[in-house]
Number of protein chains: 2
Amino acid sequence: MRRDIFQAIADPTRRAIIALIALQAMTPNAIAENFNSTRQAVSKHLRILTECKLVKQQQQGREIYYSLQIEKMKEIDKWLEQYRKIWETRFNQLDKVLSTIKKQKK
Amino acid sequence: MRRDIFQAIADPTRRAIIALIALQAMTPNAIAENFNSTRQAVSKHLRILTECKLVKQQQQGREIYYSLQIEKMKEIDKWLEQYRKIWETRFNQLDKVLSTIKKQKK
DNA sequence: TATATTTGCAACCAGATGGTTTCACAAAAT
DNA sequence: ATTTTGTGAAACCATCTGGTTGCAAATATA
């Protein structure tokens, strides 16, 4: 069973859950109210998100509050970094070409 | 059949293919040499990557060169932006707390 | 022209995935 | 003490996924 952050964010429902709990912790029931699927389906998603450390739980009586572990999101940012370098380089090259054309016009 | 960029990068083999062709275009055969699976399996991955515009083809005789459409990667960056804002805010808040402690020490 | 190379596509298959229903259990409310 | 509420886990199911083998088409080479 693969269980990394990239597989976690592949599902649109899970991305929606992430967006929901990004700003404030929520209980499974409260989260599920925002979707058409059952609470159990949402619970399964939360399990997957918890397993890959994207989400943390906080018990409060019989309620469990789920919140986003924002630090984990940096992993995606880190992976993206190598490609950001590439597109910035390409942009600079294009910029160079454009300024050369501008100069020639003068 | 879902076919978005998040599903595309969910598979580790596809992420490896993306990394391979990020800097230079490659043929399916050349790409497949880097993996244990068959050329056809790689071909399937290339099809998925092409379908969601992450990769573009360039025919050259009977060979087809695949290269990364780096622009498409920005979509992930854009999605990440909302969370980057959050973690930067949290960092600044932490920074504030730390500087307050520093002042108190003085 | 005959053969080799490069490729995509269809058919098939085992296992993963996302959903459901059902159940068990602990905490809160009656 | 009994009922209600909030939750996770198990069993099941249809569909998706990633892999394979086999084949056909197009281009290059003999």
Side-chain angles (χ1 to χ4, degrees), chain A residues 1-21 24-69 72 76 79, chain B residues 1-21 24-69 72 76 79:
Chain A
M1 210 185 304
R2 228 188 309 135
R3 199 107 305 173
D4 60 44
I5 194 168
F6 293 103
Q7 195 250 342
I9 63 163
D11 184 81
T13 305
R14 281 197 290 269
R15 286 200 301 280
I17 292 175
I18 289 172
L20 260 180
I21 62 173
Q24 57 171 347
M26 288 173 80
T27 64
N29 266 328
I31 296 168
E33 274 171 20
N34 296 276
F35 301 97
N36 291 326
S37 54
T38 60
R39 176 191 61 77
Q40 284 88 340
V42 170
S43 201
K44 269 184 146 187
H45 284 306
L46 285 171
R47 199 160 91 97
I48 290 168
L49 291 170
T50 306
E51 274 173 13
C52 67
K53 310 276 178 65
L54 248 175
V55 148
K56 69 166 185 280
Q57 316 175 17
Q58 200 179 349
Q59 189 109 22
Q60 207 159 105
R62 72 182 158 189
E63 292 181 327
I64 300 174
Y65 284 85
Y66 284 86
S67 59
L68 185 63
Q69 289 253 244
K72 191 70 179 179
I76 304 166
W79 174 76
Chain B
M1 210 185 308
R2 230 188 309 138
R3 199 109 304 175
D4 60 45
I5 195 169
F6 293 102
Q7 194 248 342
I9 64 164
D11 184 82
T13 305
R14 280 197 289 270
R15 286 200 302 278
I17 292 175
I18 289 172
L20 260 179
I21 63 172
Q24 56 170 348
M26 287 174 78
T27 64
N29 267 329
I31 296 168
E33 275 170 20
N34 296 276
F35 301 97
N36 291 326
S37 54
T38 59
R39 176 191 62 77
Q40 284 90 337
V42 170
S43 201
K44 268 184 145 186
H45 284 306
L46 285 171
R47 200 160 89 99
I48 290 168
L49 292 170
T50 306
E51 273 173 13
C52 66
K53 310 276 179 65
L54 248 174
V55 147
K56 71 165 185 277
Q57 316 174 17
Q58 200 178 351
Q59 188 109 21
Q60 207 158 103
R62 72 181 158 189
E63 291 180 327
I64 300 174
Y65 283 86
Y66 284 86
S67 59
L68 185 64
Q69 288 253 250
K72 192 72 180 178
I76 304 166
W79 174 76

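Every chain is numbered from 1 and lettered A, B, ... according to where its sequence line falls, protein lines coming before strand lines.
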Can you tell me the distance, in whole Å, between the CD atom of A:Glu51 and the P atom of C:dG18? 12 Å
A:Ser67 side chain near A:Val55 side chain, heavy-atom distance below 4.5 Å: no
Rounded to the nearest 0.5 Å, what's the gap from CD1 on B:Ile64 to CD on B:Gln57? Could you check? 5.5 Å
Between B:Phe35 and B:Ile31 the two heavy atoms that sit nearest each other are CD1-O, 3.3 Å
Using side-chain heavy atoms (C-beta onward) and a distance below 4.5 Å, is A:Ile17 in contact with A:Tyr66? no
Would you say D:dT17 has OP1 or OP2 under 4.0 Å from some side-chain N or O of B:Arg3? yes
Can a side chain N or O of B:His45 be found less than 4.0 Å away from OP1 or OP2 on D:dT17? no
Rounded distance (nearest 0.5 Å) linking atom NZ of B:Lys53 with atom CD1 of B:Ile5: 12.0 Å
Nearest-Å distance for atom pair CG/P, residues B:Leu46 and C:dT6: 16 Å
Take the C1' atoms of the five end pairs on each side of the helix from C:dT1-D:dA30 to C:dT30-D:dA1, get both axes, and report the angle to 10 degrees. 10°
Taking only the side-chain heavy atoms of A:Gln40 (C-beta and beyond), determine which of C:dA11, C:dG18, C:dT22 contains the nearest atom. C:dT22
Test item: B:Leu54 and B:Ile9 side chains (from C-beta on) under 4.5 Å apart, heavy atoms: yes
Can you tell me the distance, in whole Å, between the CD atom of A:Gln7 and the P atom of C:dG15? 18 Å
Using a 4.5 Å cut-off on heavy atoms from C-beta on, say whether the side chain of A:Trp79 contacts that of B:Arg15. yes
For a 4.5 angstrom cut-off between non-hydrogen side-chain atoms, does B:Gln7 reach B:Asp4? yes
What about B:Lys44: does its side chain form a donor-acceptor pair under 3.5 Å with the base of C:dG8? no
Residues B:Ala32 and B:Arg39: closest non-hydrogen pair is CB-CA, 3.9 Å
Within residues 25-39 of chain A: residues closer than 4.0 Å to DNA chain D (heavy atoms): A:Thr27, A:Pro28, A:Asn29, A:Arg39
Starting at atom CZ of A:Arg47, determine the distance to atom C1' of D:dG6, rounded to an integer number of angstrom. 18 Å
Return the minimal non-hydrogen interatomic distance between B:His45 and B:Arg14, and the atom names on each side. ND1-NH1, 3.0 Å
Close side-chain approach of A:Phe6 to B:Asp11, heavy-atom, < 4.5 Å: no
Looking at DNA chain D, which of residues 56-66 of chain A put a heavy atom within less than 4.0 Å of it? A:Arg62, A:Glu63, A:Ile64, A:Tyr66
